Amino acid sequence: ELQGVSCLLGSRERAVIALDEVSLTVSPGELVAVMGPSGSGKSTLIHVAGLLRPPTSGRVLLDGADVSRLTRARAAEARRRRIGLVFQNRNLVPTLTLAENGALPLELDNVPSVGIAEALIRVGLEGMGGRFPDEVSDGQAQLAAIARAFIGPRTVLLADEPTGDLDQTTGNQVLSTLRRCVDAGGAGLLVTHDPEVADWAHRVVRMRDGRLL
């Protein structure tokens, strides 16, 4: 939940209002699509909701707890444990296999790496855990990123243009997987500029000039 969140980017003299009093709630089992033109604040919204950037003002709540002002270390811990992030560029470590990429957040948190194979099966990558990112297609790499996002106790999924460089068939497979994961009880926020991608969401909100319309 975002409550009256604003975010200024840049120095005080040349600060840009990236988010302007944004309030938004995403419930478990709900996928919300955020649409808007380039520069409208969509990606900043994801970064603030994902604890990658603190808001200038307002509050970010995770299951009712205020996580707006965590230290960098505590924010990273919260992301590993509670928030799955999926970006257009996948952010997979090229020297690790798909299974090792999925297990990485758990290992960083000193948690036993269990459930990796099941997570890959759930996104359609059965038997591919031993492959490296450059040994699979772009779509399969994105599916691996989705599997990583939902490994462990994470209940929030944030996706920023996850199908931006995929063909329509592969993109639909990725979106179908996202929707299934959210329907199983996750809370999902999807940033896109494509109305066909937004059709996969339960609800669509629109942004312009840092504000929700």
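Keep in mind that what you see is a predicted model, and the values were worked out from it rather than measured.
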What's the separation between atom [atom1] in [X] and atom [atom2] in [Y], rounded to the nearest 0.5 Å?
| X | Y | atom1 | atom2 | result |
| --- | --- | --- | --- | --- |
| D138 | T170 | CG | OG1 | 8.5 Å |
| T192 | L190 | OG1 | CG | 6.0 Å |
| L178 | L143 | CG | CG | 8.5 Å |
| R148 | N91 | CZ | CG | 6.5 Å |
| D20 | L8 | CG | CG | 9.0 Å |

- Item | Partner residues of A184 under the side chain to side chain contact (heavy atoms under 4.5 Å, CB included) criterion, sequence neighbours left out | none
Spell out, as yes or no, whether a donor-acceptor pair under 3.5 Å connects the side chain of [X] to the backbone of [Y].
| X | Y | result |
| --- | --- | --- |
| H193 | P37 | no |
| K42 | R206 | no |
| R180 | R122 | yes |

- Does some side-chain heavy atom of V174 sit less than 4.5 Å from a side-chain heavy atom of V86? no
- In terms of hydrophobic clustering (I, L, V, M, F, W, Y; side-chain heavy atoms under 4.5 Å; direct or indirect links), are V123 and V197 co-clustered? yes
- Message: What verdict does the side-chain contact (heavy atoms from CB on, under 4.5 Å) test give for R79 and V67, after you've listed the backbone C-alpha separation in whole Å, the side-chain angles of each residue and the deciding distance to 0.1 Å?
- Response: CA-CA 11 Å; R79 283 195 302 275; V67 293; over 6 Å; no
